[in-house]
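Some notes on the structure that comes next.
Every number for a ligand or one of its atoms is a count from 1 in the order of the listing.
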Amino acid sequence: MNSRSLSNRKVLLIVGGGIAAYKALELVRLIAKAGGETRVILTEAGAEFVTPLSLAALSGHPVRSGLFHPDDETSMGHIELSRWADLVVVAPATAGLIAKAANGLADDLASTTLIATDKRVLMAPAMNVRMWLHPAVQANVARLKGFEGFHGVAVVGPDEGEMACGEYGAGRMAEPAAILEAIEGLLAAAGRPLKGRRAVVTAGPTFEPIDPVRGLTNRSSGKQGYAIAAALAELGAEVTLVSGPTGLNAPAGVKRVDVESALEMQAATRTALPADIAVLSAAVADWRVDTIAGGKIKKGPGGPPTLALIENPDILAGIAAPGPDRPALVIGFAAETSDLEANARAKLSRKGCDWIVANDVSEGVFGAEGNAVLLISADGTEAWPHQSKTAVARTLAARIAEHFKDPA
Ligand code: CTP
């Protein structure tokens with residue numbers, strides 16, 4: 001699924017005038033490799049940086065640039081181009097193109113298409129850092145992002161780094177691979193198959209206090225759970241993310257409830273019910289301190305304190321237990337350091353959940369960007385290739401959508 005993630009999907013790519021335009025060539029190649037089709041609009045300024053010939057050769061279609069070319073307009077006019085596309089991508093999006101789109105100025109083919117389209121638009125800004133940070137550009141970007149519904153403009157990047165002009169800062173166009181990932185996300189979301197479904201996701205570690213300044217916690221970063229919450233929201237689900245302490249920002253469109261301890265996480269997860277989907281990915285502390293000291297525990301002649309621990313409730317087992325509030329699909333995670341599949345399968349039946357996403361944490365998963373997981377259910381085991389946590393999340397969200405389309 002991953003290698004042909006854009007099968008038959010159509011991208012209308014607008015290439016603006018900037019040095020990053022050369023990366024548009026790689027983007028067209030990546031879209032083709034993923035099974036997608038690209039048609040290109042090259043602005044007059046863009047043509048100063050890349051030739052129409054290279055873009056035509058890579059996309060397999062003639063490149064459009066003018067608004068008033070009778071031949072072009074009769075073969076596929078600008079309205080038809082936008083009708084043809086599933087998604088419009090602007091890369092590089094210059095300050096000028098962003099300003100035109102934000103203010104409805106339509107004076108060439110690229111800007112006219114951006115106003116005429118009813119498709120989602122993805123922009124990959126690229127400009128000098130001072131231009132990017134200019135309040136006028138920031139205001140235009142904020143305005144574009146705020147356009148609701150069909151016209152909601154998504155933005156990828158820009159990255160921070162050394163620039164062609166010799167300066168350093170934010171303004172470099174996102175890499176083609178990152179733009180491709182954003183395209184995949186937006187197209188996957190196009191049908192919003194989980195619209196009307198409610199989901200609760202737990203993520204991150206828990207923090208079990210010892211006294212007012214100390215506590216027990218673990219190395220979970222929360223990245224995988226946050227990515228799952230984002231991927232479910234992308235597909236239209238109404239998502240509550242119950243999060244232990246992490247340094248992450250709440251994904252767009254997700255309701256985040258912050259908690260610290262396992263007991264708080266359990267209460268917040270229950271409050272988020274009823275839900276159709278529960279994905280419990282948090283690394284819940286197995287134990288908590290029996291009696292939390294009211295004041296800071298001081299060093300003393302008696303030596304170090306002995307901490308009496310008691311077991312935390314199993315949130316997953318509780319949510320998965322039969323009852324009127326049990327979500328239709330309950331998914332747990334298994335973090336194992338040995339016998340991954342056997343241990344995870346045992347966990348599936350012990351906890352009573354429907355699926356388990358199993359990963360081997362001996363391989364440095366905590367905090368890492370990538371993950372190789374097994375999806376374990378009563379139907380069997382699937383080994384997914386090593387992929388980014390975002391890709392794991394999207395694959396899982398797509399499987400969840402499939403399940404609800406066609407419940408077993
Ligand atoms: N989990 C939970 N509540 C707990 C412990 C775990 O909801 N008190 C959930 C996790 O969110 C995860 C799954 O159970 O979805 C498995 O977590 P894991 O730490 O791998 O398993 P444990 O139950 O701790 O089992 P073990 O210690 O045997 O590995």
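For atom 5 (C) of ligand 1, the closest non-hydrogen atom on the protein side is V284 CB, 3.8 Å. Among all protein heavy atoms, the one lying closest to atom 15 (O) of ligand 1 is L280 O, 2.5 Å. Atom 3 (N) of ligand 1 has its closest protein heavy atom at I315 N, 3.0 Å.
The pair E336-K347 counts as a salt bridge, with a side-chain nitrogen and a carboxylate oxygen less than 4.0 angstrom apart. Salt bridge annotation for K351-D314: present, with a cationic side-chain nitrogen under 4.0 angstrom from a carboxylate oxygen. One finds no salt bridge joining K405 and E402 here, because no Lys/Arg side-chain nitrogen approaches an Asp/Glu carboxylate oxygen to under 4.0 Å. Taking a cutoff of 4.0 Å between a charged side-chain nitrogen and a carboxylate oxygen, R198 and E238 qualify as a salt bridge. With respect to the salt-bridge test (charged N to carboxylate O, under 4.0 angstrom), the residues E175 and K23 qualify. Under a 4.0 Å N-O distance rule, the pair R192/E234 does not qualify as a salt bridge.
The shell of residues lying under 4.0 angstrom from ligand 1, judged by heavy atoms, excludes T202.
Counting atoms of ligand 1 from 1 in the listed order, those under 4.0 Å from a heavy atom of A334 are 20 (O). The distance from ligand 1 to the heavy atoms of R350 drops below 4.0 Å at these ligand atoms: 25 (O), 28 (O). Of all the atoms in ligand 1, the ones that sit under 4.0 Å from a non-hydrogen atom of D314 are 1 (N), 2 (C), 3 (N), 4 (C), 7 (O), 8 (N). Shown in contact with G332 at under 4.0 Å from a heavy atom are these atoms of ligand 1, numbered in order with element: 15 (O).
Contacts with ligand 1 closer than 4.0 Å are made by side-chain heavy atoms of D286 only, the backbone lying farther away.
Closest to atom 23 (O) of ligand 1 by heavy atom, among K347, Q266, R288, K351, is K351. Nearest residue to atom 8 (N) of ligand 1 from A282, A262, P313 is P313 (criterion: closest heavy atom).
Considering backbone and side-chain atoms alike, L316 places an N or O below 3.5 Å from some N or O of ligand 1. Among the atoms of F333, some N or O lies under 3.5 angstrom from an N or O of ligand 1.
A donor-acceptor pair under 3.5 Å is absent between the side-chain atoms of R39 and the main chain of V11, judged by distance alone.
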Does the side chain to side chain donor-acceptor pair (under 3.5 Å) test come out yes or no for R345 and T381, once each step is laid out?
-> CA-CA 9 Å; R345 193 163 281 287; T381 299; 2.9 Å; yes
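With V90 as the fixed residue, the side chain to side chain contact (heavy atoms under 4.5 Å, CB included) test singles out one of V155, V153, L114: L114.
The presence of a protein heavy atom under 4.0 Å from atom 19 (O) of ligand 1 is ruled out.
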